[in-house]
Protein chains: 2
Amino acid sequence: MGKGHVRLADVAKAAGVSQGTASNVFSRPDVVREEVRERVLKVARELGYGGPDIKGRLLRAGRVNAIGVAAVEPLTYFFDDPWARSLMTAIGEVCDASGTGIAVVSAMNEERLAWNINSALVDGFILLCVEGGERLVELTRQRQLPFIALALGIEDETIPAIGIDNVAGGAAAARHLLELGHRDIAILSIGDVDGLVGMVAPERVDPEMEATPRDRMHGYWRALAEYGIPREAVPIQGTLHDRPSTLTAMEALFSSANPPTAILAMSDKVALFAMQWLAERGLKVPEDVSLIGFDGVPEAATSLPRLTTVAQPFAEIARRSVTAILENALPENHEALDLELVVRDSTAAPRLP
Amino acid sequence: MGKGHVRLADVAKAAGVSQGTASNVFSRPDVVREEVRERVLKVARELGYGGPDIKGRLLRAGRVNAIGVAAVEPLTYFFDDPWARSLMTAIGEVCDASGTGIAVVSAMNEERLAWNINSALVDGFILLCVEGGERLVELTRQRQLPFIALALGIEDETIPAIGIDNVAGGAAAARHLLELGHRDIAILSIGDVDGLVGMVAPERVDPEMEATPRDRMHGYWRALAEYGIPREAVPIQGTLHDRPSTLTAMEALFSSANPPTAILAMSDKVALFAMQWLAERGLKVPEDVSLIGFDGVPEAATSLPRLTTVAQPFAEIARRSVTAILENALPENHEALDLELVVRDSTAAPRLP
DNA sequence: TCAAGCCTTTGAATCGATTCAAAATATGGA
DNA sequence: TCCATATTTTGAATCGATTCAAAGGCTTGA
């Protein structure tokens, strides 16, 4: 920096070769005669040339070799939230294999959103948490780079998206508890909406809830119906997907006349908070209360007891989205992947009454 | 894509204005007469022009508005490892505030290392885990961008670095246990070296251990010496900073003739694995065994019991490194920040014999 | 009517590389 | 020695924008 930055042209001139040859020395060394190559490299070293500047190359090549992952969340979300992290880890694995870089992009504040999306140097975008992120999608589309949304329940069929079958997953979770013999089951829902904390009446689910929790709910209900349990008989406690609201919800659930013997949590995050609350209250999992999560984040495998959950195929999701972007082969229509029930130690038959 | 990509020049021609004016329409709209601006925008829309391409702008401006974080680890490390995540979260917070993007760079395989460092589109680098990453430092230096290493114990004083006072931190941890009355203390060390698993003799520490664990060890020893306990009296079990080796180490520690009443773990990660092992073995923390970690990762605050630890000033580290890079104001010499003892529920006085 | 001053627009240079057809040089065979 | 072929090197075009001195228009006041 500072004074005269050395560029390829300077090296070429100093070494007495054409710029084309100088370029080849760095990007296709095999094509240059050894003697010349050595000389150019020597001159480059003397001049303090640090190799071809990526910006120049980029302009020509057009390819960055990096993908952007954007979410309507602060940057910290990517390193904090268990679901995001599971996904990022999976994406990281795929990118590592292909030598692709990752740039994380926050689309948090409306004002800087456009700038952030437009100035990210990437070959394409993976969009997390698209519900409520219409503007994010719109901007990304404007940028005219390949992108793929990770979340179904987007109305617009023209948006390339990969999602999971939340209804089937919810049903699998509920069925598991029902097969174990539970009949007093409560639901811990998740969402962003302030109005949906505390007890939630079933008829508010469809109009007010976001797609993901709504679908999971319908999955739960479907399995419950198979066992003759009407949705009205199953209390729903809404949380904001964070610790305080989950603890409040648990408090409410267990201070009622007949507390549940099993809990359907809509995410592992919430389930693990619930597990902590139960432990602090001296209630044993799974002896006193069975608990099943959703997502299949790594923490669920190392909690004590280890959490039974419905796992997302993170690796598959990552593989598909990254290759879709890298090869610009976006799925024609929405794809929904299957979830897998992972039975661990947090669920068991209820105590005999 | 596909056919003819629309560029600014096309829009300019179609709208019948010069390229300079067209450029101004997008980057400095206020300087263009409204009538012309509207016309150009309309034409741009009709042609499907998606706004100025970042690559062209970049070449001219030279600034990317993003910083790279590199580690000699796979990409997954950034989203997986508690320490890395704590740091990334802190870095994310700072970057969010200034609208800076983050690109994560893996310097895992020697072969692709150079490429990854050279092709990352960033204004500077933060290097994690620099021990053993001399090559990473060398390459980054070659790239001639500002960079800062996060780890002390680098010999080369010309490398800008921010670190923490591991000796003082270790001493604080050990002193805490000693003040509670513990005298049978064991150490769980961390490292990459296969040779340092299982029981480690004190005289092997200096020649064989990396700087960070070595310094922490010396901190422990210093405090122990203050209480008249010679280093030979304190068993050291080496781990590879992962689950299996930690469990093996715990097994060894507690199958000995007189098991420790307290454990000094060199990281929270290892401490939490140890905590799980103790829980599975039915040993109560802190009643049967006291446990203190190192680092101050968020998980330490939510474990059951919550882990006493020596916390790194992640926010401060992040703030300093990001501003150093963004303002190209690198520290003249190595800085060492202080750690803070955070007493929580995993440490207590030993049972009376 | 003219000069001064302000606001817009132009056109060419620039950023730092890669690419490729064509030219120059080297190698080999007859 | 000469021609055909293979290997290197050259030089100019290109990628897609931004920048800025200079030119052009328009308004205003004398």
Side-chain angles (χ1 to χ4, degrees), chain A residues 1 3-41 43-44 47-65 115 118-121 123 143-145, chain B residues 1 3-41 43-44 47-65 115 118-121 123 143-145:
Chain A
M1 329 260 118
K3 38 209 158 199
H5 205 57
V6 189
R7 16 184 205 306
L8 186 59
D10 301 326
V11 176
K13 196 185 302 174
V17 297
S18 78
Q19 184 161 328
T21 300
S23 174
N24 282 335
V25 168
F26 292 98
S27 40
R28 307 151 72 204
D30 47 298
V31 81
V32 180
R33 194 153 44 94
E34 174 163 350
E35 181 194 321
V36 177
R37 196 190 331 145
E38 304 267 280
R39 179 154 45 93
V40 173
L41 285 174
V43 171
L47 261 52
Y49 179 66
D53 185 299
I54 180 69
K55 299 199 285 292
R57 180 209 307 273
L58 173 62
L59 180 55
R60 199 79 239 282
R63 227 179 128 69
V64 186
N65 247 281
W115 169 264
N118 281 320
S119 65
L121 281 155
D123 295 319
R143 174 94 193 261
Q144 301 186 149
L145 285 178
Chain B
M1 331 264 118
K3 40 210 157 204
H5 205 57
V6 188
R7 26 184 197 304
L8 186 59
D10 301 327
V11 175
K13 196 185 301 173
V17 298
S18 78
Q19 185 162 329
T21 300
S23 174
N24 283 334
V25 168
F26 292 97
S27 40
R28 306 150 72 203
D30 47 299
V31 82
V32 180
R33 192 153 47 96
E34 172 161 351
E35 183 193 320
V36 176
R37 195 186 339 141
E38 304 267 278
R39 179 155 45 91
V40 173
L41 286 174
V43 170
L47 260 50
Y49 179 66
D53 185 299
I54 180 70
K55 299 199 285 292
R57 181 209 306 272
L58 172 62
L59 182 56
R60 203 78 238 284
R63 229 182 123 73
V64 185
N65 245 281
W115 169 264
N118 281 319
S119 66
L121 281 154
D123 296 318
R143 172 91 194 261
Q144 300 186 146
L145 285 178

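Only this structure's heavy atoms are used, side chains among them; waters, hydrogens and symmetry mates stay out. Below, chains carry the letters A, B, ... as their sequence lines are ordered, and counting in each starts from 1.
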For the residue pair Val6(A) and Leu47(A), what are the closest heavy atoms and their distance?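 Closest approach of Val6(A) to Leu47(A): CG2-O, 3.3 Å.
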Which pair of heavy atoms, one from Ser27(A) and one from Pro29(A), lies closest together, and at what distance?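 Shortest heavy-atom contact: C-CD, 3.6 Å.
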Spacing between [X] atom [atom1] and [N] atom [atom2], to the nearest angstrom:
{"X": "Leu58(B)", "N": "dG16(D)", "atom1": "CG", "atom2": "C1'", "result": "11 Å"}
{"X": "Asn118(B)", "N": "dG16(C)", "atom1": "CG", "atom2": "P", "result": "16 Å"}
{"X": "Glu35(B)", "N": "dT8(C)", "atom1": "CD", "atom2": "P", "result": "12 Å"}
{"X": "Leu121(B)", "N": "dG16(C)", "atom1": "CG", "atom2": "C1'", "result": "13 Å"}
{"X": "Leu47(A)", "N": "dG16(C)", "atom1": "CG", "atom2": "C1'", "result": "15 Å"}
{"X": "Gln144(B)", "N": "dG16(C)", "atom1": "CD", "atom2": "P", "result": "12 Å"}
{"X": "Arg33(B)", "N": "dT10(C)", "atom1": "CZ", "atom2": "C1'", "result": "14 Å"}
{"X": "Lys55(A)", "N": "dT14(C)", "atom1": "NZ", "atom2": "C1'", "result": "14 Å"}

Could you list the donor-acceptor pairs under 3.5 angstrom formed between side-chain atoms of residues 49-65 of chain A and any protein atom two or more places apart in sequence or on another chain?
| residue | atom | partner | partner atom | Å |
| --- | --- | --- | --- | --- |
| Tyr49(A) | OH | Gly51(A) | O | 3.4 |
| Asp53(A) | OD1 | Lys55(A) | N | 2.6 |

Which residues pass the salt bridge (charged side-chain N to carboxylate O under 4.0 Å, His left out) test with Glu35(A), sequence neighbours left out?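 If we apply the salt bridge (charged side-chain N to carboxylate O under 4.0 Å, His left out) test to Glu35(A), skipping adjacent residues, the hits are Arg33(A).
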Can you name the residues that form a salt bridge (charged side-chain N to carboxylate O under 4.0 Å, His left out) with Asp10(A), not counting sequence neighbours? Arg7(A)
Could you give all pairs that pass the salt bridge (charged side-chain N to carboxylate O under 4.0 Å, His left out) test and reach residues 15-31 of chain A, with sequence neighbours left out? none
Is there any salt bridge (charged side-chain N to carboxylate O under 4.0 Å, His left out) pair reaching into residues 14-23 of chain A, and which pairs are they, with sequence neighbours excluded? none
Tell me which donor-acceptor pairs under 3.5 Å the side chains of residues 11-21 of chain B have, and how far apart each pair is, sequence neighbours excluded?
| residue | atom | partner | partner atom | Å |
| --- | --- | --- | --- | --- |
| Ser18(B) | OG | Gly20(B) | N | 3.3 |
| Ser18(B) | OG | Thr21(B) | N | 3.2 |
| Ser18(B) | OG | Thr21(B) | OG1 | 3.3 |

Sort me out a list of protein N/O and nucleotides 17-19 of chain D N/O pairs below 3.5 Å, or just none if empty.
| residue | atom | partner | partner atom | Å |
| --- | --- | --- | --- | --- |
| dA17(D) | OP1 | Tyr49(B) | OH | 2.9 |
| dA17(D) | OP1 | Asp53(B) | N | 2.4 |
| dA17(D) | OP2 | Leu8(B) | N | 2.6 |
| dA17(D) | N7 | Gln19(B) | NE2 | 2.9 |
| dT18(D) | OP2 | Ser23(B) | OG | 2.4 |
| dT18(D) | O2 | Arg60(B) | NH1 | 2.8 |
| dT19(D) | O4' | Arg60(B) | NH1 | 3.1 |

Five pairs at each end of the helix from dT1(C)-dA30(D) to dA30(C)-dT1(D): take the axis at both ends and give me the angle between them to 10°. 50°
Only counting residues at least two apart or in another chain, list the ones meeting side-chain contact (heavy atoms from CB on, under 4.5 Å) with Ala120(A).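 With sequence neighbours excluded, Ala120(A) shows a side-chain contact (heavy atoms from CB on, under 4.5 Å) to Val105(A), Val122(A), Phe125(A), Arg143(A), given in chain and number order.
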